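In what follows, every heavy atom counts, from backbone to side chain, and hydrogens, waters and symmetry copies are set aside. Here the structure is a predicted model, which is why all the values come from computation and not from measurement. When a ligand or atom number is given, it counts from 1 through the structure's own listing order.
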Amino acid sequence: MLASTDVVPAEVDELDPDQRIALEACVIAAITWCTPQGEARARARLLMECHGRFMRAWGVHGKGASFSDFLERLCKAPVGELLPGPGSWSKLWDVRLLEDDGTATPVLTRLAMEASEQAQEVPGMGADLRHLHSVLRALGKLPTGARLSRITAEAVQHAVFRALQQAGFAAYTEGRKALVTRPVMARRALARHAHLVDLGVYTAISPMRQFAGWWAWCPFCQWTLRAVPRGRQAADLRCEDSRHVERGARFRMSLQDGQWRLAPAGGEIRAMPKLQPVEGHVALSYGLWQWIVLPGLLEIELKERAEKAGADVRLWPYGDSYDLHITKNGVTWRVDVKTWADPQGIAERMRGDPEGCAGLIVVIPEHLGGYTGLLVKVLGPHGARVMTDVSLIGEVSRA
Ligand SMILES: [Zn+2]
């Protein structure tokens, strides 16, 4: 199974303009189709608009689809069959946007976040998007009309951390730690982090990640689980990260004797989450979870593994453009962690800080190891090395 992080901007960049328009129309239509929230007429209008753009994108290829065929293909066909023109090497070609049960695949959620501003009209998910756009606009990082995927994870991370650094050393370290380890907070607890309140990065729990006024956290990343209603008296709750789902971040919430209860739906969970009231809690929105929490968790894990291998580690060195400073027996590793493979985005950031990249090590998780070659080709000329987390720890152990 592909994880949400496995379809990368680099693959969307491979598409021609018509394919990109068709993909975006399908993504917005599919997410509208599977979102339970929202008024029927508004959803139908959005679906028809998407169908219109899909037909125009197919234009010269002449093999569009009637509205009902379009919906049928959205539900069953892999992405490759939804796009006009010749195929590509991309993994994106074989994935589906909707699961057999009609819910969003992780790839769809990821692509929807990176779609144009029209996705903000999608019921439910629109709230996440509007929040991310407003944070970025406040940080001066979102030119009107720009596609989010081209704003890049890089820029989002950089803008948030830069803003934190302006609040001083203590606020930076503490703020970055809070973002990674506490992606959901009680409103009262958030009030104690003045600089995070100022940044506006926490918002109300998304309508997609609550049911009947309740939410629960993922045991692996602590973020809110997505809720898929199963009738009025039950919902499936699962993390947006399919790797966490595989390890057991999936639960069934149901009404028993007038009480909402949560039960595991597979996997081995040592610490069961609890249902929490939506009222009184705030959370990071999807993009911030994807681009700050997920890499942050890997950074913390790498620190622990490098220390076990006998190294001294400084996490999140202040004022520098990398994440971990590791030293052992006179050898130093300056490590920048990425949980996405966006060679163009990373290269753009490096061009902004040419001195900082010489000798930098870009570390990606093992499951993105297949992108090492592509990243080396783009980042090598900037003087950076690229390796997976496993190779880095191997190198530190041998030093
Ligand atoms: Zn999770």
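- Judged by distance alone, the side chain of Asp323 and the main-chain N or O of Asp336 form no donor-acceptor pair under 3.5 Å.
- Screening residues 124-133 for salt bridge (charged side-chain N to carboxylate O under 4.0 Å, His left out), with sequence neighbours left out, gives Asp128-Arg209.
- The backbone N or O of Gly287 sits nowhere less than 3.5 Å from a side-chain atom of Ser285 that would complete a donor-acceptor pair.
- For the 3.5 Å distance criterion, the side chains of Trp333 and Glu395 qualify, holding a donor opposite an acceptor.
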Review item, side-chain donor-acceptor pairs of residues 297-306, under 3.5 Å, at least two apart:
residue, atom, partner, partner atom, Å
Glu299, OE1, Arg176, NH2, 3.4
Glu299, OE1, Trp316, NE1, 2.8
Glu301, OE2, Arg305, NH1, 2.8
Lys303, NZ, Glu307, OE2, 2.9
Arg305, NH1, Asp389, OD2, 3.4

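- Take a cut-off of 2.8 Å around the Zn ion (ligand 1): the protein N, O or S atoms inside it are Cys218 SG, Cys221 SG, Cys239 SG, His244 ND1.
- A search for salt bridge (charged side-chain N to carboxylate O under 4.0 Å, His left out) contacts involving Arg250 returns nothing, not counting sequence neighbours.
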